[in-house]
Amino acid sequence: MTAPEETRVALITGGSKGLGAGLVEAYLAAGYVVETCSRSATDQVDLWAKEFPDHFGFASVDVSDSAAADAWVKDVARRRGRIDVLVNNAGVAPEGVIALFSDDQIDQVVDLNIKGTAYVTRAASRVMLARRSGSIVNVSSVVGMSGYRGLSMYSATKAALDGMTRGLARELGSRGITVNSVAPGYLRTEMSHGLDETQLTQITRRTPAGRLGEPSDVARAVLFLTDPANTYITGQVLVVDGGLTA
Amino acid sequence: MTDQDKTLAVITQFLTRADKSTDDVSPTTGLYGDGLELDSLEAAELSAMLEDEFGNDPFSSGDELPQTVGDILAFYEVAAPA
């Protein structure tokens with residue numbers, strides 16, 4: 001189904017749970033058509049499909065598979081007729097010291113967090129280039145800037161995304177496409193399950209806002225950066241961490 | 001409108017919005033250098049517009065990159081069903 005001309009279309013990777021689900025909720029509430037993917041569906045995905053039959057779409061896609069990622073984006077563009085927003089959220093956060101990481105663990109985090117983002121962005125940027133319009137947000141992390149013990153590979157991939165953001169902003173800016181990163185602090189989602197309660201309590205104590213973040217905190221920042229009026233903010237990393245790294 | 005006319009229409013649309021001259025565009029016109037002087041981003045943009053219109057494009061086909069307008073026209077002539 002092609003969206004009406006005035007309905008903006010958002011592509012959100014990894015939207016079936018956690019922060020991604022919060023992003024999907026926010027864009028649906030803002031009136032967007034939302035297309036999301038993850039490796040498998042969740043009950044929440046089924047609920048959205050029933051509640052928003054015309055405005056929500058889901059596909060089981062592993063974006064670290066180049067052909068699958070490309071086919072998904074092309075299918076969305078064909079069905080919806082446009083892609084206004086891309087939020088690269090899909091990622092994994094393997095926890096552990098690098099001295100004990102296997103090749104497979106290293107490959108998995110690089111393949112999904114960096115290469116998957118590149119595959120989806122490559123395909124979606126072509127749709128945006130044809131229309132000379134679009135907004136891309138890469139969901140990075142404060143640990144990409146500060147690092148965190150036990151999250152070294154995850155930190156490396158998130159720092160890479162910030163570099164990708166700056167490069168793409170320069171590459172696509174003249175064609176009306178903005179590219180920014182949002183770097184969340186520590187959220188109470190399954191992505192933080194590798195941290196024990198002592199670590200989470202310590203993080204909370206050091207956070208000026210006095211709490212862990214919620215997906216909605218991050219979603220509001222992403223919505224702001226992809227607002228069609230915000231065409232003069234690009235190449236930036238917006239930290240959403242309750243002041244932890246201030 | 002023939003397939004060639006449709007392809008030329010997309011190329012002309014691209015050149016117009018890229019503020020490039022549409023005069024004297026012929027099959028022998030080069031895409032880079034002394035021809036249309038496309039840079040890499042402009043080539044990507046034309047590639048995306050062609051794919052948007054026809055579903056595929058000669059820049060992403062995995063074959064050699066087109067060098068002339070004629071190479072683009074030939075790609076769609078070959079790709080078209082008999």
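Chain letters run A, B, ... following the sequence lines, proteins first and then strands; every chain starts at 1.
- Using a 4.5 Å cut-off on side-chain heavy atoms (C-beta onward), A:Arg126 and B:Met49 make no contact.
- Within 6.0 Å of NZ in A:Lys115 there are 12 or fewer heavy atoms belonging to other residues, nucleotides or ligands.
- We find the CD-CG distance between B:Glu51 and A:Leu129 to be 11.0 Å, quoted to the nearest 0.5 Å.
- If you tally non-hydrogen atom pairs under 4.5 Å between each of B:Leu50, B:Leu46, B:Leu41 and chain A, the highest count goes to B:Leu41.
- Rounding to the nearest 0.5 Å places CG of B:Asp52 at 12.5 Å from CZ of A:Arg82.
- For B:Gln13, no part sits under 4.5 Å from any heavy atom of chain A, backbone or side chain.
- Only the side chain of A:Ser174 comes within contact range of chain B, with heavy atoms under 4.5 Å apart.
- When the shell of 6.0 Å around CZ of B:Arg17 is examined, it contains more than 12 heavy atoms from other residues, nucleotides or ligands.
- Counting non-hydrogen atoms of neighbouring residues, nucleotides and ligands closer than 6.0 angstrom, the CG atom of B:Asp34 reaches no more than 12 such neighbours.
- Within 6.0 Å of the CG atom in B:Asp5, the count of heavy atoms belonging to other residues, nucleotides or ligands exceeds 12.
- Only the side chain of B:Ser60 comes within contact range of chain A, judged by heavy atoms closer than 4.5 Å.
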